[in-house]
Undergrad: 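Have a look at this one before I ask anything.
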Amino acid sequence: MQVIKYLAKESWNSVLTRPIFNVDELEDAVNLVFGEIKRDGDKALFKYTLQYDGVNINKTEVNRADIDASESMLDDELKQALVIAAKNIRTFHEAQFQDSEVIETSEGVRCWRKSTAIEKVGLYVPGGSAPLFSTVLMLGIPAKLAGCGEVVLCTPPGKNGKINPAILYACKLVGIDRVFQVGGIQAIGGMAYGTESIPKVHKIFGPGNQYVTAAKQRANRIGVAIDMPAGPSEVMILADETAEPEFVAADLLSQAEHGADSQVILVTWAEQLIEGVEQELEKQLQALSRRDVAAKALENSKIVLVKSKEEALELSNSYAPEHLIVSVKDEGLLIDGIKNAGSVFLGNYTPESAGDYASGTNHTLPTNGAAKAYSGVSLDSFMKSISFQKISEKGLLNLGPVIEIMAKAEQLDAHSNAVTVRLNKIKLNS
């Protein structure tokens, strides 16, 4: 990792730029695949699964028998871990239900909201180099809690032509309706357009690489909602002299191993911490099974020495990290100032991986600075609110003249007349 000391504020954006692919190449690839899916349906899914994943498939949907059989393929220890994680995730998301009360905005005018589940949702679970079965829990549990009518899931097959049994068991655990062995751009396109086998959905959820992110944004442009721009993973750590170098290095590497296009940033105002973190990074990296991937990500990553915790906080808000770890003595002094972050982890004993797996919060989060405007996935992500209102005769007598004045001022006479005819009727009957 490159160490940068006392970086000038005007250089923050350029120096901390996320690693990116050629946007034109991304768009060209997505447009090509989407066009063929719209025209050829499942035939295009077979073609691109062979081209991108190296797997020759002749059907997309996973048999229910295969999903059920996945349970016998996992050891009891992993199954129990998934059960505990699912319980915590369910508990956290269940608490997000909110009752909407009726509000009388003025006499005789009552307004309220009703939350209703999105009818058809598509979940995308990365499964290439690292099968992320935890994402099944993070997306499937709130989808089912919300009451979505149809929940379908796409994930790429492995080189053996099969989906990792842990992903299938997680699907069974949370009650996913249908599972399809399709990944990448073609999975997003299949859910966006609908094919002979994959149903068209109303909203697509899930993280992925830059191709998946570009595909989701393309789907959004053709009228399918998406959760957020969720691309390559990233973490920023704010740390002082009380942080443990061993813990900091472990957290940096936990995100670096996601992919070569991940980015990890350490920001500190305690210069003595840096050497210890560098030593731990070198030591721990050698023990990782995905050390080549993590090492590549570290090339895009930085250690930044700043003058104060206030400057560190300002830098963090400017960067808007997906994950923000705060390992400092007086964390309360920083918490109120955090404005832009997907999810925050406080203290030396709160690793980011807790949120990735089992603490209960959702790990599908905005990346690439999108945390300035987006929240992570929650129960609300799978629901929409419909507003209702009911006005009595007396309420319209009170409010009607206000509506007439405003409508006429906007030169919308029919709007005004819709009130006037009712007011005339009320006055005639009184």
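Just so it is clear, the values below take in all heavy atoms, side chains as well, and ignore hydrogens, waters and symmetry mates.
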Undergrad: Can you measure from CD1 (I167) to CG (L132) and round to the nearest 0.5 angstrom?
TA: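 The distance works out to 7.0 Å.
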Undergrad: Can any side-chain N or O of N317 pair as donor or acceptor with the backbone N or O of K339 at less than 3.5 Å?
TA: yes
Undergrad: Heavy-atom count check: over 12 atoms from other residues, nucleotides or ligands less than 6.0 Å from Y52 OH?
TA: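 Yes.
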Undergrad: State, to 0.1 Å, how close T268 and A239 come at their nearest heavy-atom pair, and which atoms those are.
TA: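 In terms of heavy atoms, the two residues are closest at OG1-O, 2.7 Å.
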Undergrad: Would you call the rings of W112 and F388 parallel, tilted or perpendicular, taking 30° and 60° as the class edges?
TA: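 Ring orientation of W112 relative to F388: parallel.
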Undergrad: Quick one: does F382's side chain get under 4.5 Å of V377's, heavy atoms only?
TA: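 Side chain of F382 against side chain of V377, heavy atoms only: contact under 4.5 Å found.
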Undergrad: Do the side chains of M1 and L252 get nearer than 4.5 Å, heavy atoms only?
TA: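 In short, these two side chains touch, coming nearer than 4.5 Å.
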Undergrad: Does either side chain, that of E404 or that of T420, offer a donor lying less than 3.5 Å from an acceptor on the other one?
TA: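 Side chains of E404 and T420: pair found under 3.5 Å.
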Undergrad: Taking A214's backbone N and O only, do any of them form a donor-acceptor pair with E27's side chain (distance below 3.5 Å, no angle check)?
TA: no
Undergrad: Does a side-chain heavy-atom distance below 4.5 Å link K172 with L168?
TA: no
Undergrad: For the residue pair S233 / Q255, report whether a side-chain donor-acceptor contact shorter than 3.5 Å exists.
TA: yes
Undergrad: I want to check something: taking the side chain as every heavy atom from C-beta on, are E36 and Y48 in contact at a cut-off of under 4.5 Å?
TA: yes
Undergrad: Yes or no on side-chain contact (heavy atoms from CB on, under 4.5 Å) for V174 and L137, after CA distance, side-chain angles and deciding distance?
TA: CA-CA 7 Å; V174 305; L137 306 183; 3.7 Å; yes
Undergrad: Do the side chains of V136 and L123 get nearer than 4.5 Å, heavy atoms only?
TA: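 Not in contact.
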Undergrad: I'd like to check E331 versus L334 (side-chain heavy atoms, cut-off strictly below 4.5 Å). Are they in contact?
TA: no
Undergrad: For the atom pair OG (S262) and CG (L253), what is the distance rounded to the nearest 0.5 Å?
TA: 11.5 Å
Undergrad: Calculate, to the nearest 0.5 Å, the distance between atoms CD1 and OG1 belonging to I176 and T155 respectively.
TA: 11.5 Å
Undergrad: If you draw a 6.0 Å radius around NZ in K296, do more than 12 non-hydrogen atoms from other residues or ligands fall strictly inside?
TA: no
Undergrad: Okay, side chain of Y319, backbone of A341: is any donor-acceptor separation there less than 3.5 Å?
TA: no
Undergrad: Determine whether V304 and W12 satisfy the following criterion, side-chain contact (heavy atoms from CB on, under 4.5 Å), listing intermediate values before the conclusion.
TA: CA-CA 10 Å; V304 182; W12 286 357; over 6 Å; no
Undergrad: Could you report the tightest heavy-atom contact between V152 and P199, atom names first, then the distance?
TA: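 What the structure gives for the nearest pair is CG1-CG, 3.7 Å.
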Undergrad: Taking all heavy atoms of K120 and all of K200, pick out the closest pair and write down the distance.
TA: CD-O, 3.7 Å
Undergrad: Testing the basics here: between V306 and L315, what is the closest heavy-atom pair and its distance to 0.1 Å?
TA: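 Here V306 and L315 meet closest at CG1-CD2, 4.3 Å.
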Undergrad: Hydrogens and angles aside, do D240 and T242 bring a side-chain donor and acceptor to less than 3.5 Å of each other?
TA: yes
Undergrad: Flag yes if more than 12 heavy atoms outside Y357 fall under 6.0 Å of its OH atom; otherwise flag no.
TA: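 At most 12 heavy atoms, drawn from other residues, nucleotides or ligands, come within 6.0 Å of this atom.
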Undergrad: Within a radius of less than 6.0 Å around CD of Q98, do more than 12 heavy atoms belonging to other residues, nucleotides or ligands occur?
TA: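 Incorrect, the count does not exceed 12.
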Undergrad: Donor-acceptor pair, S318 side chain versus E314 backbone, under 3.5 Å?
TA: no
Undergrad: Backbone N or O of R18 within a donor-acceptor pair of the N300 side chain at under 3.5 Å?
TA: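 Not a single qualifying donor-acceptor pair exists.
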Undergrad: Please test N398 against S106 for side-chain contact (heavy atoms from CB on, under 4.5 Å), starting from the C-alpha separation and ending with a verdict.
TA: CA-CA 8 Å; N398 292 332; S106 58; 5.8 Å; no
Undergrad: Calculate, to the nearest 0.5 Å, the distance between atoms OG and CD belonging to S301 and E234 respectively.
TA: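 Reported value, rounded in 0.5 Å steps: 10.5 Å.
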Undergrad: For A146 versus A117, what's the shortest heavy-atom pair and its separation?
TA: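 Smallest interatomic distance, heavy atoms only, reads O-CB, 3.2 Å.
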Undergrad: Is it true that, when you exclude H202 itself, more than 12 heavy atoms of the residues, nucleotides or ligands shown sit nearer than 6.0 Å to its NE2?
TA: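 Count over threshold, so yes.
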Undergrad: Taking atom NZ as the centre, does K5 end up with more than 12 heavy-atom neighbours from other residues, nucleotides or ligands that are less than 6.0 angstrom away?
TA: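 No - once you tally the heavy atoms of other residues, nucleotides and ligands closer than 6.0 Å, there are 12 at most.
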Undergrad: Could you measure the distance from the CG atom of L173 to the CG atom of L82? Nearest 0.5 Å is fine.
TA: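 With rounding to 0.5 Å, CG (L173) is 6.5 Å from CG (L82).
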Undergrad: Do Q411 side-chain atoms and K408 backbone N/O form a donor-acceptor pair below 3.5 Å?
TA: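 Checked: no pair found.
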Undergrad: Under 3.5 Å, is there a donor-acceptor pair between the side chain of K216 and the main chain of F205?
TA: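 Pair absent, no side-chain N/O of K216 close to backbone of F205.
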Undergrad: Using only atom types and a distance under 3.5 Å, with no angle test, would you say the side chain of N362 pairs donor to acceptor with the backbone of M138?
TA: yes
Undergrad: Can R178 and E150 be said to form a side-chain contact (heavy atoms from CB on, under 4.5 Å), step by step?
TA: CA-CA 8 Å; R178 301 174 69 185; E150 184 171 25; 4.0 Å; yes
Undergrad: Is any side-chain heavy atom of P232 closer than 4.5 Å to one of Q210?
TA: yes
Undergrad: How close do T361 and S343 get, heavy atom to heavy atom, and via which atoms?
TA: OG1-OG, 4.4 Å
Undergrad: What pairs of donor and acceptor atoms, side-chain ones from residues 156-165 against any protein atom, are under 3.5 angstrom apart with sequence neighbours left out?
TA:
unit_1	atom_1	unit_2	atom_2	d
K159	NZ	D53	O	3.0
N160	OD1	K162	N	2.9
N164	OD1	A166	N	2.8

Undergrad: Output yes when a side-chain donor or acceptor of K144 lies under 3.5 Å from a complementary backbone atom of V151, and no otherwise.
TA: no
Undergrad: Using a cut-off of 6.0 Å, state whether more than 12 heavy atoms not belonging to Q51 lie near its atom CD.
TA: yes
Undergrad: Does a side-chain heavy-atom distance below 4.5 Å link N417 with V421?
TA: yes
Undergrad: Just checking, any donor-acceptor pair under 3.5 angstrom between side chains of D42 and S197?
TA: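 Result is yes, a qualifying pair exists.
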Undergrad: Could you name each residue pair satisfying ring-ring contact (aromatic ring centres under 6.0 Å, His included) that touches residues 79-98, not counting sequence neighbours?
TA: none
Undergrad: Looking at OH of Y211 and OG1 of T213, how far apart are the two atoms once the value is rounded to the nearest 0.5 Å?
TA: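 If I round to the nearest 0.5 Å, the distance is 12.0 Å.
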Undergrad: I'd like to know if the side chain of Q181 reaches the main chain of K59, judged simply by a donor and an acceptor atom lying under 3.5 Å from each other, with no hydrogens or angles considered.
TA: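 Looks like yes, one N/O pair under 3.5 Å.
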Undergrad: Taking everything shown except K309 itself, do over 12 heavy atoms lie less than 6.0 Å from its NZ?
TA: no
Undergrad: Should the ring pair F345 and H323 be called parallel, tilted or perpendicular, given that the plane angle runs from 0 to 90° and is split at 30 and 60?
TA: tilted
